[in-house]
Amino acid sequence: MLNVFTNKHVIVAMIVSPILAVLAYYAVDYKVSEKPHSAVSGKSYPLVAQSNCRYSSGKCTFKNGDIEVSISIGGNNTNGNNQQWTLVLDSQLPLQGAKVALIDTSSTAASPQGMSAQNNGMTQWQTNIAHQLTEDSTLQLAIAIDDTFYYGETSTLFAHYAVGFPQPKN
């Protein structure tokens, strides 16, 4: 059995095979991977909810290529059966417009509500929504940048900032 490792063909094969495996990995990736392309005016593209949207982080980030927007929900004021929430959207690029909708799994559709720009750079948007947030609530977002539309959807688990250790009292 030990005579196998003294054979020069086995030694060369042990050296060359990992190199060929790595080269094959990159060659296949280059050949079959999707090439990035620019957004076309008038078309719509999905925004992907990042990992901070899945837990109580206080903020949710949506991303598609170089488009990145963050949304936070705050200002819980009770108004009858519903609660008044303030949604704040921050973008790195200027937006033409933004709309949001909060829905429950029990309702089939919700009417989107327009957001208003809070600065001259059109990068911060805000709106107030009267809605009861539950574990089943879903946030839907649509934005427009240079006549191109982006849309995304996530649960509202991120709405409340929570940590696993005690916070200092102010």
Side-chain angles (χ1 to χ4, degrees), residues 29 32-170:
D29 181 56
V32 300
S33 66
E34 182 179 354
K35 307 296 184 258
H37 56 278
S38 299
V40 177
S41 180
K43 291 200 175 188
S44 59
Y45 300 95
L47 290 169
V48 177
Q50 301 297 298
S51 62
N52 64 345
C53 301
R54 291 185 226 129
Y55 59 90
S56 301
S57 64
K59 182 169 90 168
C60 179
T61 305
F62 290 95
K63 195 169 186 180
N64 182 337
D66 60 346
I67 308 298
E68 184 173 325
V69 294
S70 298
I71 193 161
S72 59
I73 299 176
N76 179 6
N77 298 323
T78 304
N79 181 11
N81 291 338
N82 290 330
Q83 296 172 332
Q84 189 76 19
W85 298 97
T86 302
L87 279 73
V88 178
L89 182 133
D90 290 309
S91 173
Q92 294 177 343
L93 299 172
L95 305 179
Q96 288 176 317
K99 290 190 176 192
V100 293
L102 283 172
I103 60 172
D104 287 325
T105 56
S106 60
S107 63
T108 57
S111 59
Q113 182 172 340
M115 300 182 82
S116 58
Q118 299 298 306
N119 61 3
N120 290 338
M122 307 291 276
T123 58
Q124 187 174 41
W125 296 70
Q126 182 175 328
T127 190
N128 294 323
I129 290 185
H131 194 277
Q132 181 70 33
L133 285 182
T134 63
E135 292 181 7
D136 297 330
S137 297
T138 301
L139 173 77
Q140 295 177 335
L141 172 69
I143 61 172
I145 300 175
D146 295 330
D147 294 326
T148 305
F149 304 100
Y150 298 89
Y151 59 91
E153 179 177 282
T154 188
S155 73
T156 57
L157 291 174
F158 70 92
H160 304 289
Y161 179 66
V163 293
F165 51 88
Q167 295 179 334
K169 295 184 180 184
N170 296 347

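Side-chain atoms are counted along with the backbone in the values below, which use heavy atoms only and exclude waters and symmetry mates. Just so we're clear, the structure is a prediction, and the values are computed from it rather than from any experiment.
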Side-chain heavy-atom pair [X], [Y] within 4.5 angstrom cut-off:
X	Y	answer
Asp147	Gln96	yes
Leu95	Trp125	yes
Leu87	Ile129	yes
Thr127	Val100	yes
Thr156	Leu102	yes

So, the side chain of Gln118 versus the backbone of Ser116: is there a donor-acceptor pair under 3.5 Å, distance only?
-> yes
Results of salt bridge (Lys or Arg N to Asp or Glu O under 4.0 Å) for Glu153 - residues two or more places apart only = none
Going by distance alone, is a donor N or O of one side chain under 3.5 Å from an acceptor N or O of the other, for Asn128 and Thr86?
-> yes
Gln124-Asn119 side chain donor-acceptor pair, cut-off 3.5 Å | no
Minimal heavy-atom distance between Pro112 and Ala101, with the atoms involved, is CA-CB, 4.0 Å
Measuring from [X]:[atom1] to [Y]:[atom2], what's the distance to the nearest 0.5 Å?
X	Y	atom1	atom2	value
Tyr150	Ile67	OH	CD1	4.0 Å
Ser91	Phe62	OG	CZ	12.5 Å
Lys99	Met115	NZ	CE	12.5 Å
Gln140	Thr138	CD	OG1	7.0 Å
Tyr55	Ser155	OH	OG	12.5 Å
Asp90	Ser72	CG	OG	6.5 Å

Pairs involving residues 37-53, ordered by first then second residue, that meet side chain to side chain donor-acceptor pair (under 3.5 Å) (sequence neighbours left out) = Asn52-Thr61
Checking side-chain contact (heavy atoms from CB on, under 4.5 Å) for the pair Leu47/Tyr151: CA distance, chi angles, key distance, verdict?
-> CA-CA 5 Å; Leu47 290 169; Tyr151 59 91; over 6 Å; no
Any chance CG of Asp146 has more than 12 other-residue heavy atoms, nucleotides or ligands included, within less than 6.0 Å?
-> no
Counting only heavy atoms not in Asp29, do more than 12 sit closer than 6.0 Å to its CG atom?
-> yes
Please say which of Thr154, Val48, Ile71 ends up in a side chain to side chain contact (heavy atoms under 4.5 Å, CB included) with Cys53.
-> Thr154
Please assess Leu139 against Ile103 for the test side-chain contact (heavy atoms from CB on, under 4.5 Å), listing each intermediate value before the final yes or no.
-> CA-CA 7 Å; Leu139 173 77; Ile103 60 172; over 6 Å; no
